[in-house]
Amino acid sequence: MAEIYKKEIQLKDYPKDVLLNFYRTMVKIRKFDENLIRLMQEGKVSGFYHSGIGSEGLSAGSIRENLRDEDYIYYNHRGCNQKIAKGVPLSKIYGDFLGTTEGTTKGLGAGIVHSADPARGVMGQAGTIGSQLGIGIGTAYASKFKGTDQVTVIYFGDGAASREMLHGSLNWAGLYNLPVIYICENNEYAISCHVSETHAVREHIADWAYGYGIPNCVVDGNDVLLMHEATKEAVERAKRGEGPTFIEAQTFRHRGHFEGDPYDYVDGELLKDWKENKDPIRNFVSRLLLDKVTDEQELKTIDQEVEQEILEAIKKAESAPQPEPGRIYEGLFA
Amino acid sequence: MRTINMRTALLEALNEEMERDETTLIFGEDVGKFGGINKVTQGLYEKYGNRVFDTPIAEPTIIAAAVGMAITGNARPIPELQFGDFAGIAFDEIFNKMGKWRFMHGGQMEMPITLRLPVGIAGGAGPEHSQSPQALFMHGPGLHIAIPSTPYDAKGLLKTAIRDNNAVLFFEHKILYDMKGEVPEEEYLIPLGKADIKREGSDVTIIATALQVHTALEAAEDLVADGVEVEVVDPRTLAPLDMETILSSVRKTGRVLIVHEESKTGGSGAEITAQIQEEALFDLAAPIRRIGSPDVPIAQNIYLEQFYRPSKEQIIQAVNDLMEY
């Protein structure tokens, strides 16, 4: 059965700039999200959006100091978090939502899914949820075949974990000893269904990995440093040729499945507890201040810098033109 | 010129391309030591080692992995599904991922996959192992569809498919594996999207694919006695579809019969018919006729099975009807 990942972490073991980078990445993710919701409310962005507010620590921790541009990720349905942590320019992500030529798809438009930035290892995502579980093992297979030390990280939610593809994927990963890391962002709800209503697994989703001989653990996904350490061990294992790792990261979403979801299927007191006591950014700030790594003024400066960066990115994305109608005929074939 | 069967021609194509490009990878169920259930990959595992590997029975994973390999640019996957029918198990991976991943991510990646799919009625394999589902994929953008009828075409098309940076679905009729034909020793390639006129004629155009090309040719020989000259056009690829060659033949003969083993309703003939009438309605001397399989699942019984496959007699009757219209 999956073990709960625990590690004593001292802030003094980390350089200050690394700690502040974790903070900056989390703030960037949250402000990106808040501003995107604003654009939706202003009627500039249409469609569904799956807010990643509340789980910033998971993506910032696993990606920021662990993955290089040449390492691959497949993001999940709250995947702007991961795209931002991997370094995709904000203007390009906003451009995809706004449908302007600044987007990664050069005006084709993309929401959470279909943004891609292969130069930064962001290989895209499927609208049919969980399909990345199969595609990611192909990418990992290609790295092993070519003899590189590139690592593939596949993000997916607890909902996607019920797709049959998880099992085909885990079987290949275990069988072929692939350099792949599964990060299940367990926020407990697949739209309105609680994880306990949709999974026959005994206790944790990570228990499935055990059956395929894949090392696994359950981590507090809201602890950015714990997330960093767990993923770091998995990345090192993959680079040593020791194969896959499965990490189930526990978190909770602060907003509904999509904007407009009344989110009344979640107990109000429970949600309040996650927001007030388990917020990844708030808790990290408390720790930074307690250990006197930084002060409120320095953090405020970072907030302002990020805010400025976001506004400039939106301006850049908004001022780019809509594509010509002929755009739909470009790029189907190589 | 030497004659070899289509199985050998396909194997030669795979072998030559594996030798030419070390990023090529063959995988699927039983394609390794066993050499494939149709023996098309025989000997490749012994020669290329880990570049040919057996996979678990998991079709969606086979195709998804091919997509993931292809988009890295580090591998050129050549997966095999044991039966084309199994495309249904991996439909999302073929239709939405192989076909669309490049486009929907802004054209930033390439998809050099050649997916081999055996199709057709072949001796009591039953309703889930005898189908010809190629027309399903004409409906989905982003996929090339090859369907050869001779060893020569099979080898030249497969080599092109493997070198192409786009996804190609390569349909092989099971009965044709043992059919012989002339294949030169020296290397050649056949482009995708170039139909072949298998027989020239002036009275009726028969557009046929795979095994039905041969049935049409046999019918054409018999029809000579009745003074009817049939032209047999083999599109060779359904996507891209060489409408130029098809229309040129139609304008010459004015009469069209389309023959395929796919179910008649919604088969590739339906699309070809529509395109011909859009472009050449007033060149037609009679309505376009189609012969396909009946629109019912394929029976397992070998006696009944033959009634699903278009016959020479059906073709002769249809040609005579066209001539008398």
Side-chain angles (χ1 to χ4, degrees), chain A residues 72 74 92 96 103-110 113-119 121-128 131-148 150 152 154 163-165 167-173 175-176 178 180 327-334, chain B residues 22-25 27 50-51 53-77 79 89-93 95-113 140-144 164-168 192 239-240:
Chain A
Y72 300 109
Y74 289 87
K92 296 204 169 290
D96 277 334
T104 70
T105 57
K106 298 185 178 66
L108 203 57
V113 297
H114 305 326
S115 287
D117 192 346
V122 179
M123 305 303 278
Q125 160 69 322
T128 48
S131 296
Q132 71 273 26
L133 290 158
I135 297 172
I137 52 160
T139 296
Y141 197 101
S143 302
K144 187 178 178 184
F145 173 60
K146 204 185 177 194
T148 72
Q150 291 164 288
T152 297
I154 307 173
R163 274 292 301 280
E164 294 85 344
M165 184 56 86
H167 301 281
S169 176
L170 289 173
N171 194 35
W172 274 53
L175 184 65
Y176 301 130
L178 299 179
V180 60
R327 174 68 188 87
I328 62 172
Y329 297 103
E330 294 166 8
L332 184 60
F333 292 109
Chain B
E22 61 184 24
T23 67
T24 47
L25 276 171
F27 53 96
N50 68 356
R51 286 172 56 204
F53 65 97
D54 289 320
T55 65
I57 300 171
E59 289 79 7
T61 313
I62 291 170
I63 309 299
V67 171
M69 291 176 196
I71 61 177
T72 65
N74 290 340
R76 194 168 278 277
I89 312 171
F91 189 80
D92 181 53
E93 280 66 36
F95 198 77
N96 290 320
K97 306 302 177 291
M98 269 177 73
K100 298 171 190 163
W101 198 269
R102 176 178 213 277
F103 178 86
M104 67 193 181
H105 290 95
Q108 302 183 73
M109 306 158 208
E110 293 179 352
M111 195 61 70
I113 304 176
L143 298 167
H144 290 325
D164 197 279
N165 280 333
N166 298 294
V168 182
L192 304 175

With a 4.5 angstrom heavy-atom cut-off, is it the side chain or the backbone of B/L25 that approaches chain A, or both, or neither? side chain
Checking B/F27 against A/Y176 for the ring pair (Phe, Tyr, Trp, His ring centres under 6.0 Å) test, could you report, in this order, the C-alpha distance in whole Å, the side-chain angles of both residues, the deciding distance, and whether it holds? CA-CA 13 Å; B/F27 53 96; A/Y176 301 130; 9.1 Å; no
With side chains defined as the heavy atoms from C-beta onward, is the minimum distance between B/R51 and A/F145 less than 4.5 Å? yes
Using a 6.0 Å cut-off, check whether atom CG of A/L175 has over 12 heavy atoms from anything other than its own residue. yes
Donor-acceptor contact present, side-chain B/N166 to main-chain A/A334, <3.5 Å: yes
Let me know if A/L108 has heavy atoms under 4.5 Å from chain B in its side chain, its backbone, both or neither. side chain
Report the option among B/A75, B/P56, B/G107 that has the most heavy-atom pairs separated by less than 4.5 Å from atoms of chain A. B/P56
When B/G106, B/G68, B/A70, B/P112 are compared by non-hydrogen pairs under 4.5 Å with chain A, the top option: B/G68
Which distance, rounded to the nearest 0.5 Å, do you find between the CZ of A/F333 and the CD of B/E110? 13.0 Å
Distance alone, cut at 3.5 Å: any donor-acceptor contact between the side chains of A/K146 and B/T72? no
Contact origin within B/M104 toward chain A - heavy atom pairs under 4.5 Å: both
Less than 4.5 Å to any heavy atom of chain A: does that hold for the side chain of B/K100, its backbone, both, or neither? neither
Largest heavy-atom contact set with chain A, pairs under 4.5 Å, which of B/N50, B/T55, B/I62: B/T55
Looking at CZ of B/F103 and NE2 of A/H114, how far apart are the two atoms once the value is rounded to the nearest 0.5 Å? 10.5 Å
Between B/E22 and chain A, which part of the residue has a heavy atom less than 4.5 Å away: side chain, backbone, both or neither? backbone
Is B/Q108 reaching over with its side chain to a backbone N or O of A/T105, donor-acceptor style, under 3.5 angstrom? no
